[in-house]
2 protein chains.
Amino acid sequence: MTLLLIIITATTHFLKAEDGHQLWLRNTSAKRVKVVSPRKSPVLTIAVQEIKNGWLGKDGAELKFDFVKDGSITNDGFRLEGNKIAAKTDLGILYGSYELLRRQYLGKSDQNYASNPSYSRRILNHWDNLDGSVERGYAGGSIFWRQGDSSLQLSLADIALYKEYARANASIGINGTVLNNVNASAKILTTAYLQKVQSIATVLRPYGLKVYLSVNFSSPVTVGKLKTADPLVPAVRQWWAAKAKEIYSLIPDFGGFIVKANSEGQPGPQNFGRTHVDGANMMADALSPFGGIVMWRAFVYQPSNEDRTKQAYNEFLKFDGKFKKNVIIQIKNGPLDFQPREPFSPLFGAMIKTPVMPEFQITQEYLGWSNHLVFLSTLWEECLQSDTYRNGKGSTVAACTDGTLDKRTFSAIAGVSNIGSERNWTGHIFAQANWYAFGRLVWDNKLKSEDIADEWIRQTFLSPTEKKMERTLVKPIKEMMMQSREAAVDYMMPLGLHHIFAEGHHYGPAPWFSNKAIRADWTSVYYHNADLLGVGFNRSSTGSNAVEQYHEPLRSTFNSLESCPEEYLLWFHHVPWTYKLKNGNDLWTALCYRYDSGLQRVRAFQRIWDSTKGLVDDERFKSVQSKLKIQSRDAQVWKDACLLYFQQFSKREIPYNLERPVYELDTLKKLTKSKDYE
Amino acid sequence: MTLLLIIITATTHFLKAEDGHQLWLRNTSAKRVKVVSPRKSPVLTIAVQEIKNGWLGKDGAELKFDFVKDGSITNDGFRLEGNKIAAKTDLGILYGSYELLRRQYLGKSDQNYASNPSYSRRILNHWDNLDGSVERGYAGGSIFWRQGDSSLQLSLADIALYKEYARANASIGINGTVLNNVNASAKILTTAYLQKVQSIATVLRPYGLKVYLSVNFSSPVTVGKLKTADPLVPAVRQWWAAKAKEIYSLIPDFGGFIVKANSEGQPGPQNFGRTHVDGANMMADALSPFGGIVMWRAFVYQPSNEDRTKQAYNEFLKFDGKFKKNVIIQIKNGPLDFQPREPFSPLFGAMIKTPVMPEFQITQEYLGWSNHLVFLSTLWEECLQSDTYRNGKGSTVAACTDGTLDKRTFSAIAGVSNIGSERNWTGHIFAQANWYAFGRLVWDNKLKSEDIADEWIRQTFLSPTEKKMERTLVKPIKEMMMQSREAAVDYMMPLGLHHIFAEGHHYGPAPWFSNKAIRADWTSVYYHNADLLGVGFNRSSTGSNAVEQYHEPLRSTFNSLESCPEEYLLWFHHVPWTYKLKNGNDLWTALCYRYDSGLQRVRAFQRIWDSTKGLVDDERFKSVQSKLKIQSRDAQVWKDACLLYFQQFSKREIPYNLERPVYELDTLKKLTKSKDYE
């Protein structure tokens, strides 16, 4: 190690404290611009304001909005050319305006650029409960709901915040938002709550943000006072039709419903002996007169003996082609549940006649909450670019969902929001990058995570067109972000390990978690199966045969221990401790190196971040520094817990050139509550 | 870093679990030996037993005890030659027997060897309270006293334990023990307690272990019911004389008293307007008819404005030559209080007409208790070899105290014991090495710590004459032990920092500790004086001028920032953060490297120890492994606490190539109770 010593003093660099509330929208410019629009609308008014507020082009220039009937522009796409933004729709102009401003801010010399959205519906899912709590939320309470909110009126502060929220979403192309948790309270469909939804929709509308709602399948009983919610009973169908009519009378551009049915205790059509098709189509019929859609979640599994990861496919594939045109099946990226790494869900490549949409998780339920710096864009990119081989090579998850393989009337993609009432929106400054990246990636699913990171860093930490901090700030932070998800996989669950989290809170490690009183597929031992011979879940043809749900050649690739990619090794195979990996290390040794590498990477992140002191304002600097300390301590806990636990089975030593555990396994086993980690 | 991977399996090496109770005396041998002794005595009986129990020489050999009038043998010294142990005294034969067995165990080929003790009195100080607690004890309760001990009778278990205790001490040459705390309860001088002391002395006597007692200066009042303890009042003097007579009637070879007077709230002659001389001489007069000595502690300081480190010298030097012949002044190695590193106490080189004796602390009050692996032999060797220049070059602390510079009727040295009621005696297996090293070093103060470590390792972990584990066990463990004190200095108080411990328990860091309600010299800020300019205690001629207490050339060496050894830099100087050290680093940077190096070294110790798995029995292996984990976590806490605290003053960054802190300063400040670190 060289004794290179870099001391950066903050003498020449003058930084205003920032609390992160402005997100990536920190620009205001004094330069003047004249904007010429052929027509007026609330959306266009915002576009004009934004251009005038942030213009970094030639002082006194003129910019024209141009409505064209150009075949190369689809949906709300746009084309920037010279002093013109061309689009087919008002929203196209707005998105083009944000892109123009972004390019100016980033100092991109080429101002000619065209872009069309990959998905027509780009939606945030807020898992916000009506009592103001947020399921898997780590940035304060709900921005939409409050406990004891009697009036359900928006305050001026609410309106201001929702405008900021809508603006941030519009700036990255998000055009829909589900305002309540998929574990839905039926109350959301009462008139009082719908009136509040109407108020919110009114604020969001000029930014192109449509509202959607999560609905509880039992609503006809709970809210409508019917005796059943059976989807084939006419009164039930009428109730939903009437409810849809009521909603659309309040919110003419209402987006539609999302439904979590017959999953983890939620009611659904199966409660009445009906199928997911019966349930989804009933709601589709209610919404279709008004142009609404139904997003029906495929995240269903039973406490059966069948491998949990196979159940969504088994349940839904048989219904392919039976859903109404305005139903879309919403599928989590992996077949399990938002793990640090999973192979893609085979359902993406299986449903042919039914549109499917990916559900990503922006909030870091399984990735260290808002304490760990994990840039999730690489995870989503990995999923979108995974080849399902549905129609042969090139049938990526992106192509299966964005309309490339099948022409559909609409396409969609969802992300579970990480937004809360904290001043900086997301708890961790770098969690803002995940909100940003989700928007950018679902607008254009061919974008590279590295480019998204680059854009975000410059807008979040640099001044407009800043070039000086390329080496000292942009490059190191980008490297950190690009490595961050792999680091988390390494210190949490390398080589295909999955779901060895502590029960309930899913924050810390608990590979030892086992409880005969609850269903096996909610325990850790169900997933890792460690024994004296080896570790991992056998999903090959000699095991649960989950590999059969993938198309060839993937099925064979995954099925064979030799050809299975090492990152999915313990996902698909129960592997002997002594099994030799490609680099010559046996499995146990490789696990040790991965866990240690995860920890060392986090320490490297701390060094990188600390070296930006004086380049980033003090408030955000300290906030991130403090979070990285937590992550560093947590990575040590993860490494020690997992290695000491698995060592009981491997009966092998941790290679002696690696740093030793500093905790006792017995002590770590006592860390069962999430607050133990605080 | 190479990916060298050493996996050691415990298949060929068969190890019996050991709980550490046997210390370094693990040998029993089936070999026969005939021992010929010209006379009999309890001491010689033990010598014969030990030889027969542990003989590793030629089977069936004959060994002779030989009493000689050889001028080269002094005191209880001995000479080993061929099949003979020559000595002047029975104890000389016993010590020679232990040395012979040790040499056989270690496989030393040269069996001819002579050795005389450096000090005539080699004493353990037990800070054991009569309620069974041990002040600064970290290995359970007292082995001598129990709470609610009404009978004060020894049980059979007590007698067995005291024999083991005496044997262990005899095996390393310790010949005296103070049974109670220097913060003494007067109750020890009541007849009931003296009778228990008599019983203990009876068990210890055949092993050459004399008992001494700590006495409370107020005893004539508390026990004797006198109105005063004024040392010049005849009734008081008579009381002490009568008490001495009573003691010697019970214990004819009683060693004498140790007195902590007028220090930290203990009573003393100053309470009656008298001096330390008055007090010490009164006791000396009482003991002298019976051959007893008084060890009068120089550890006195007042809550005055005078630098605390100067006070013992100021108080005692003026009395030089005024003490009775059987008084000796007991001086802690450094002028403050058993810190991880201090320069030697200048009093060693100042008292010329009065004998002085070093007091070392074996128990790790300031060195991580029995949780941290710190081999203290190097600390003591450093002190003993420090040159006071009293009579010019070569006037080491050893020479000033062992009779080399002054012929005295006796010499002495004391160590504050780390022994308690825990099964392994000392809490940490490696703390046994400190007990062992103290004995070996005070027997022969020219021994090298490395050789002592080598002996201890082989006797503690190896079989007799074992050679196979030289590279895998002896060498790495020895390196670890030899580095361990420097590592502790680095992660606790490098570059001359001192006494920045948490209040009271002295375990964790608290450089921030400051409390207007208590005396300044019991706070941390008093000692480090950190401010925006620099850090350290100015004891140079421009400060407290403590340097004047040292002889030239030391005085000038210490006085000048340029010549002051870097390990004492902040002890003697308030040094600017930007001051350049010899290697070119400025002070702040150097501090950062030291703290980090301390942490990294402990991690290296963990690697070293873990690599001995299978070579050391599982019970002791796990015990040490677990302690090293604690030490590793503590080193992180120390590094983070001190760097983050001092950074508030230096306003500088930790070099970016170093691992970053993982804790928040505010969190660490809350760790005020010792149990917070458990």
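Chain A is the first sequence line, chain B the second, and so forth, proteins listed ahead of strands; every chain is numbered from 1. For clarity, every value in this text was computed on a predicted model and none was experimentally measured.
- Across all non-hydrogen atoms, the minimal contact from Asp610(B) to Arg660(A) is OD2-NE, 2.6 Å.
- With sequence neighbours excluded, the residues satisfying salt bridge (Lys or Arg N to Asp or Glu O under 4.0 Å) with Glu18(B) are Arg26(B), Arg620(B).
- When all heavy atoms are compared, the tightest approach of Arg607(B) to Tyr656(A) is CD-O, 2.9 Å.
- Shortest non-hydrogen contact noted between Lys629(A) and Val662(B) is CB-O, 3.3 Å.
- Taken from NZ in Lys622(A) to CD in Glu664(B), the straight-line distance is 10.0 Å, to the nearest 0.5 Å.
- Among the residues in residues 598-606 of chain A, those with a non-hydrogen atom closer than 4.5 angstrom to a non-hydrogen atom of chain B are Arg603(A), Gln606(A).
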